[in-house]
Amino acid sequence: MAGIYIHIPFCKQACHYCDFHFSTSLKKKDELVSALVKELQLRKDEFINIEVQTIYFGGGTPSLLTNDELVFLINTVYENYKVNENPEITLEANPDDLSKTRILELSKSPVNRLSIGIQSFFESDLKLMNRAHNAEEAKECLSVATQYFDNISIDLIYGIQGASNAQWLQNIEIALRYNVPHISSYALTVEPKTALAAFVKKGVIDDVNDEQAHEQFHLLKDKLEASGFVHYELSNFGKEGYFSKNNSAYWQGKPYIGIGPSAHSFNGKQRGWNVRNNTKYINEIAKNILPIEIETLTTTDRYNEYIMTGLRTIWGVSLDKVEKDFGKTYKDYLKEQAETFINQHLLYIDNKHIRVTKKGQFLSDGIASELFKLNLT
Ligand code: SF4
């Protein structure tokens, strides 16, 4: 079981908070798509005898590709890899690209899951973040998309400066009206070198408020759980049967190939990063060179990654798996380190799995780093 991630590095405009890799010039789109096709062909031997269960178009803004381009890429996957008979094929899409005609067109393509970057239904939030869509487009695209797609995820951002808890609750309530089966929600963070960081530094915008983000996280969790969603990962809520297969595989340490500039890959032992530059990527691929840097993970790296992802999920960290994959020393170390957090009611052990309590959930990344092993053994 494996996944293919395809990075589409173009956006109409730069959202103020974003530090992903993208270009706002679409001049090289054709060349880039050809390079993506070629990279898929060049790497086909990495998945010999491994079945591809998920294909994920992320970005950037994959909905900037035409349907023909998307189908061309999907067909290339089918021609070069062994694909499950019912794969999850996700397209990240922005509301301003999802006209009724486009949604209809997509519903007839192999894409069977939409992940829509709504972020907020409020004009003030969308302007602050410099999103390319407005509140009306966010609502309109959802009312049409839900008629043609059953498997839809939306992204929402909390902890936005100036957005009260009451406004955040309204955001969640509006989202719930559309009956989407999956919601991903993230706290707004001020990443270095973004426009948001510059505004905060100049005092034009306040810094994000961790306390407000923490409150809004709990408002979200309570509201969505009461509406039948399972909080299966720190930032992800899904109805039964609608958890993201792509992300779940990633959290469970399954292999994936990342195609396109800045895309990451993982084969169980090594992690790879493609070059974060569209021109360099296109030029290298044209010479049949994979523009990838590879790092072999040590046992400690793999243990730390498992702790980080495991604690964020409903499945927690399995003590048996830690012992089997990394050795008894790691299991003993983990139990010893977890003790303090168990006493503080931030972690608990249930059926040989360490999980975060409700109180510890928002802090899970910080707790995980305390359970990391630092020495290279
Ligand atoms: S659309 Fe997505 S990838 Fe593009 S700038 Fe905005 S947040 Fe970043």
Side-chain angles (χ1 to χ4, degrees), residues 5-29 32-33 36 56-66 69-70 73 90-99 102-103 106 111 113-138 140-142 145 152-161 163 171 175 182-200 205 208 213 235-236 244 246-247 258-264 273-278 281:
Y5 171 86
I6 304 177
H7 190 81
I8 309 301
F10 301 107
C11 291
K12 281 187 193 158
Q13 63 188 52
C15 300
H16 285 158
Y17 57 90
C18 181
D19 72 343
F20 292 148
H21 170 65
F22 64 91
S23 159
T24 49
S25 159
L26 269 68
K27 268 192 275 173
K28 297 206 164 155
K29 186 159 79 98
L32 199 279
V33 171
L36 295 174
Y56 190 99
F57 290 94
T61 309
S63 49
L64 287 176
L65 292 194
T66 63
E69 287 167 331
L70 287 170
L73 286 162
T90 306
L91 178 77
E92 285 184 356
N94 280 343
D96 41 305
D97 293 327
L98 291 180
S99 64
R102 185 73 207 274
I103 292 171
L106 283 169
V111 170
R113 183 171 184 269
L114 291 181
S115 171
I116 309 178
I118 299 285
Q119 318 308 354
S120 171
F121 293 100
F122 285 87
E123 220 56 70
S124 51
D125 293 344
L126 296 169
K127 287 220 168 84
L128 185 140
M129 295 188 287
N130 200 38
R131 295 291 304 185
H133 66 277
N134 60 35
E136 205 39 54
E137 283 170 318
E140 183 54 31
C141 87
L142 273 184
I152 294 180
S153 177
I154 64 168
D155 284 356
L156 291 176
I157 293 183
Y158 57 88
I160 299 172
Q161 297 93 328
N171 246 328
H182 192 278
I183 296 179
S184 297
S185 192
Y186 306 88
L188 183 67
T189 49
V190 182
E191 300 296 342
K193 295 191 191 147
T194 57
L196 190 59
F199 293 142
V200 169
I205 298 178
V208 288
S235 309
N236 288 278
S244 161
N246 175 75
N247 292 0
I259 301 289
S262 84
H264 288 195
W273 299 264
N274 280 2
V275 66
R276 204 181 147 105
N277 178 301
N278 292 359
Y281 171 80

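As the structure lists them, so they are numbered: ligands from 1, and atoms in each ligand from 1. Just so you know, these numbers come straight off a predicted model, no measurement behind them.
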Asker: Within the side chain of Asn94, is there an N or O that forms a donor-acceptor pair under 3.5 Å with the backbone of Asp96?
Answerer: no
Asker: List ligand 1 atoms under 4.0 Å from Asn94, heavy atoms only on the residue side.
Answerer: 1 (S)
Asker: Pull out every atom of ligand 1 sitting under 4.0 Å from any heavy atom of Cys11, numbered as shown with elements.
Answerer: 1 (S), 3 (S), 4 (Fe), 5 (S)
Asker: Classify the ring geometry of Trp273 against His264: parallel below 30°, tilted from 30° to 60°, perpendicular beyond 60°.
Answerer: perpendicular
Asker: Is the closest heavy atom of Arg131 to ligand 1 under 4.0 Å?
Answerer: yes
Asker: Heavy-atom distances under 4.0 Å decide this one: backbone, side chain, both or neither, for Cys15 against ligand 1?
Answerer: both
Asker: Take Ile205 and Leu196 through the test side-chain contact (heavy atoms from CB on, under 4.5 Å) and record every step on the way to the result.
Answerer: CA-CA 8 Å; Ile205 298 178; Leu196 190 59; 4.0 Å; yes
Asker: Does Met129 come within less than 4.0 angstrom of ligand 1, counting non-hydrogen atoms of the residue?
Answerer: no
Asker: At a 4.0 Å threshold, what atoms of ligand 1 neighbour a non-hydrogen atom of Gly60?
Answerer: 3 (S)
Asker: For ligand 1, which atoms sit closer than 4.0 Å to a heavy atom of Gln13?
Answerer: 5 (S)
Asker: Numbering the atoms of ligand 1 from 1, which are under 4.0 Å from a heavy atom of Thr61?
Answerer: 1 (S), 4 (Fe)
Asker: From the options Phe20, Phe22, Tyr17, select the one whose nearest heavy atom is closest to atom 7 (S) of ligand 1.
Answerer: Tyr17
Asker: Could you measure the distance from the CZ atom of Phe57 to the CD1 atom of Ile6? Nearest 0.5 Å is fine.
Answerer: 4.0 Å
Asker: May I ask you to list the atoms of ligand 1 that are less than 4.0 angstrom from any heavy atom of Cys18?
Answerer: 3 (S), 5 (S), 7 (S), 8 (Fe)
Asker: Could you tell me whether Lys12 and Asp97 make a salt bridge, using a distance below 4.0 angstrom between a side-chain N and a carboxylate O?
Answerer: yes
Asker: If only atom types and distance count, is the side chain of Ser120 paired as donor or acceptor with the main-chain N or O of Leu126 below 3.5 Å?
Answerer: no
Asker: Under the criterion side chain to side chain contact (heavy atoms under 4.5 Å, CB included), which of Asn274, Asn278, Val275 is the partner of His21?
Answerer: Asn278
